[in-house]
Amino acid sequence: MASLSPTALFSPSLARAQQASQNDWSYIDSWLASLFASSKPPPFERTPETLKYLLALAAQNEAADEEAELLFLSQQNALEALQKEQEAEPNAEILEQLEGSLSREGKTALDALAELSGAVSLPLPEAEKLGRRMLDLHITSSNLVQAADRVAILDTHLNKELGNLNVLIEDLQSDTYHPSTTADGKDFVKETIDMQRKSKVLLAKLPELRERVASLSTNLGGGGSRITISDVKIEEEKFKEMLTTVRELENQVKSYHGLPQDTDLARLELEQVRVELRDLTRRRDTMFEGLVERESPKKTRS
């Protein structure tokens with residue numbers, strides 16, 4: 001208790017904590033001393049954080065030492081077992097004589113057969129089993145080559161699409177960008193403004209046309225001689241034609257419904273829709289290619 005702080009003398013919990021810390025430092029000191037057997041460990045700051053990392057390092061070091069020791073013991077036991085088997089082998093002398101009497105070509109063939117058996121995990125090399133195993137390895141290798149080619153093609157397509165997207169982004173962000181045209185080649189913004197103007201003009205004329213029809217009906221009912229039934233029919237046909245034109249323009253304007261009034265914002269939203277269309281087209285093409293590849297007959301290997 002002489003090494004404890006004065007505060008810890010009156011606090012059992014602090015005393016236990018300091019005692020545990022001292023034990024840990026004693027363990028670390030002995031561990032470092034074993035590592036630096038020929039010299040003293042370099043000086044370092046003795047803080048709780050340093051103690052934490054040193055304890056973790058010491059634990060990992062001990063675990064690695066135990067694993068290395070177990071590996072060494074297992075290798076030693078395996079070597080002893082092999083030596084005992086070789087000593088107990090009744091035909092060991094015959095095998096040594098047979099191996100010694102082999103020609104250089106025979107030794108080369110025997111070594112190649114042994115290496116091939118070890119590579120394909122066949123302790124008893126039989127010609128049929130070796131042939132099957134080599135054929136399986138060849139098929140696996142071919143499948144891996146085909147998969148690598150597909151991955152390379154997919155990577156090429158992805159890089160191409162990424163380049164197209166980068167070009168599109170640069171085009172949209174540039175000051176020289178011009179809005180796209182409609183299907184008939186007219187400018188999109190001008191066409192939209194023109195349709196809105198025509199629609200407003202026709203909508204403004206509708207009350208006047210209704211008043212004219214009402215006045216014609218009144219004059220006709222009053223028996224006036226200036227207005228005839230044919231005149232009313234002609235005016236009615238004109239009114240129907242204008243009403244049809246207004247509805248067509250309204251339908252055309254509705255096709256641009258949802259677009260912002262600001263030209264730049266409308267342009268950006270239109271390009272976003274086009275990007276979505278390209279993504280859907282690319283997904284359709286990918287699904288079609290996968291369907292063709294799945295349904296197409298696979299080439300048999302000879």
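Numbers here are sequence positions counted from 1.
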The reported gap from CG in D279 to CD in E161 (rounded to nearest 0.5 angstrom) is 8.5 Å
In this structure, CZ of R278 is separated from CG of N164 (nearest 0.5 Å) by 7.5 Å
message = With salt bridge (Lys or Arg N to Asp or Glu O under 4.0 Å) as the criterion, how do D285 and R282 come out once you've worked through the C-alpha distance, each side chain's angles and the decisive distance to 0.1 Å?
response = CA-CA 5 Å; D285 296 340; R282 185 167 59 254; over 6 Å; no
Linking I/L/V/M/F/W/Y whenever any side-chain heavy atoms sit under 4.5 Å apart, do V201 and L243 land together? no
Applying side-chain contact (heavy atoms from CB on, under 4.5 Å), run through L280 and R284 and close with a yes or a no. CA-CA 6 Å; L280 291 175; R284 180 201 65 189; over 6 Å; no
*Test salt bridge (Lys or Arg N to Asp or Glu O under 4.0 Å) applied to K233 and E236, step by step*: CA-CA 5 Å; K233 289 183 178 180; E236 185 179 2; over 6 Å; no
With no hydrogens and no angle check, is any side-chain donor or acceptor of T50 less than 3.5 Å from a backbone partner on R46? no
Report task. Establish whether L32 and Y53 are linked, either directly or via other cluster members, by ILVMFWY side-chain heavy-atom contacts under 4.5 Å. Result -> no
* Any salt bridge between K238 and E241, counting N to O under 4.0 Å? -> no
CG (L137) and CE (M134) are apart, to the nearest 0.5 Å, by 8.0 Å
Interatomic distance, CD1@I153 vs NE2@H157, rounded to 0.5 Å, equals 6.5 Å
Rounded to the nearest 0.5 Å, the NZ atom of K129 sits from the OG atom of S117 at a distance of 11.0 Å
To the nearest 0.5 Å, atom CG of L70 lies from atom CG of D65 at 11.0 Å
Q) Is there a donor-acceptor pair closer than 3.5 Å between any side-chain N or O of S199 and the backbone N or O of L249? A) no
Is it the case that more than 12 heavy atoms not belonging to Q76 sit under 6.0 Å from its CD atom? yes
Common cluster, W31/F36, ILVMFWY with side-chain heavy-atom separation under 4.5 Å: yes
Quiz prompt | Connected via hydrophobic side-chain network under 4.5 Å: L35 and I28 | solution = yes
On a heavy-atom basis, the closest approach of W25 and T47 is CZ2-O, 3.6 Å
Original post:
Would you call D194 and K198 a salt bridge, using N to O less than 4.0 angstrom?
Top reply: yes
For E67, does the CD atom have more than 12 heavy-atom neighbours from other residues, nucleotides or ligands under 6.0 Å away? no
Shared ILVMFWY cluster between L55 and F44, side chains joined below 4.5 angstrom? yes
- Query: Taking T108 for the side chain and R104 for the main chain, is one N or O donor matched with an acceptor at less than 3.5 Å?
  - Reply: yes
I'd like to know if the side chain of N166 reaches the main chain of L162, judged simply by a donor and an acceptor atom lying under 3.5 Å from each other, with no hydrogens or angles considered. yes
Looking only at atom types and distance, does a side-chain atom of N77 sit under 3.5 Å from a main-chain N or O of L73, one as donor and one as acceptor? yes
